[in-house]
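Notes follow once the structure below has been shown.
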Amino acid sequence: MIYMSEYRTMREYIEEFPQHITGGLQVGADYTFKHKPTAVKNILLAGLGGSGIGAEIVTNYIDKKISVPVLTCKDYFLPGFVDQDTLVIACSYSGNTEETLYIFEEASKRNAQLVCITSGGKLGIAAAQKDVDLLQIPGAMPPRACVGYSFVQILFVLKHYGIIGDEFVNELHAAVALLEQTHEAIKAEARDIVARIDNRMPVIYVDQHIASVATRWRQQFNENSKILGWERVIPEMNHNELVGWRDQNEQLAVLFLHSGDEYERIIKRFQINKSIIEQHTSVVIDVYAKGNTYFEKVLYLILLGDWSSWYLSEHRHVDAVEVKVIDYLKKSLCE
Ligand code: PA5
């Protein structure tokens with residue numbers, strides 16, 4: 001187990017996010033697959049926490065474009081449909097996450113087309129023993145700080161299997177350029193957001209097509225800022241959660257994340273939701289993406305969320321890196 005003393009500060013990792021994406025593009029481009037691709041009928045992307053968010057970012061990128069179903073898995077158990085025609089990508093930064101190791105073993109038994117993404121650990125050993133393709137990402141970081149490397153590897157695997165083309169490479173280079181140009185402005189915007197959140201719990205609303213971004217914001221608030229919060233997607237929350245906005249609730253700060261690509265009916269829903277929620281809390285913040293492509297917008301918002309989580313950690317005087325309670329839980333499960 002790696003302890004916090006072995007890490008640099010979260011501030012440094014967030015600062016390096018654009019370079020991590022460039023590094024991830026290099027890792028993927030340098031990798032030579034051992035196994036020829038076969039035609040797959042469906043895709044399962046397995047991984048949890050900081051190693052699961054990349055699957056969601058990629059799913060939002062591909063699910064409206066590709067002709068086979070794609071599902072994420074954050075569990076010990078494989079869905080029933082997984083067989084030799086399924087591409088299973090198992091991602092665990094440490095390589096020691098037991099749920100992902102179960103998925104690896106079961107997918108191997110079912111003869112699925114299996115690929116691993118890890119920095120090493122038991123998953124690295126198991127992949128070598130079973131001669132499974134393994135894209136290795138750099139070690140010694142908190143898993144969530146390595147997402148810039150990990151999600152890019154999923155794209156290279158999908159390209160190898162003919163699911164997507166290589167257009168993501170140029171799109172990611174352009175996104176990195178945007179992040180570098182706007183980095184200081186992103187930090188300033190994050191500081192403003194945190195000044196408005198103050199001591200409130202963040203509630204994040206987003207259009208379904210970039211749900212991964214809201215999940216990342218919430219996860220980073222949880223792990224870096226040590227605060228509870230939740231995210232919901234529109235339209236689904238219009239059919240339940242909206243009813244919960246009944247009383248005055250000044251403990252909550254609401255963030256609406258906008259990509260600019262929302263369908264016109266979703267835009268109308270955002271406006272109506274905002275007008276309702278504003279009646280129940282005074283802190284309602286609109287956050288807008290910059291850029292043109294999916295990756296420019298999504299990575300811009302992710303970097304903004306990561307910086308917001310960092311400034312909120314400073315505001316709350318907590319150590320953004322440590323996740324002692326997750327370490328405790330994992331250790332207790334081994335006893
Ligand atoms: O950020 C974290 O430390 C966690 O969310 C981990 O990513 C999660 O516990 C899974 O571990 P790993 O990424 O090593 O598979």
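Since this is a predicted model, take the numbers as computed values, not measurements. Just so you know, ligand 1 is whichever comes first in the structure, and atom 1 is the first atom listed for that ligand.
Counting Ile, Leu, Val, Met, Phe, Trp and Tyr side chains that sit under 4.5 Å apart, directly or through other members, I125 stands alone, with no cluster partners. Think of L123 as one node in a network of Ile, Leu, Val, Met, Phe, Trp and Tyr side chains linked at under 4.5 Å; its network also takes in L44, L71, L78, F81, V82, V88, L101, I103, F104, L114, V132.
Contacts classified as side chain to side chain donor-acceptor pair (under 3.5 Å) and involving residues 149-171 (residues at least two apart or in different chains) are given here: Y61-E171.
Side chain of Q251 to backbone of M201: no donor-acceptor contact under 3.5 angstrom is found.
Note on ring orientation: taking the six-membered ring where Trp is involved, the planes of F256 and F270 are tilted (angle from 30° to 60°).
A salt bridge is defined here as a Lys NZ or Arg NE, NH1 or NH2 lying under 4.0 Å from an Asp or Glu carboxylate O, and E231 with R216 fails to meet this definition.
Listed by chain and number, residues touching ligand 1 at under 4.0 Å (heavy atoms only) are L48, G49, G50, S51, S92, Y93, S94, T97, P143, R144, E223, K330.
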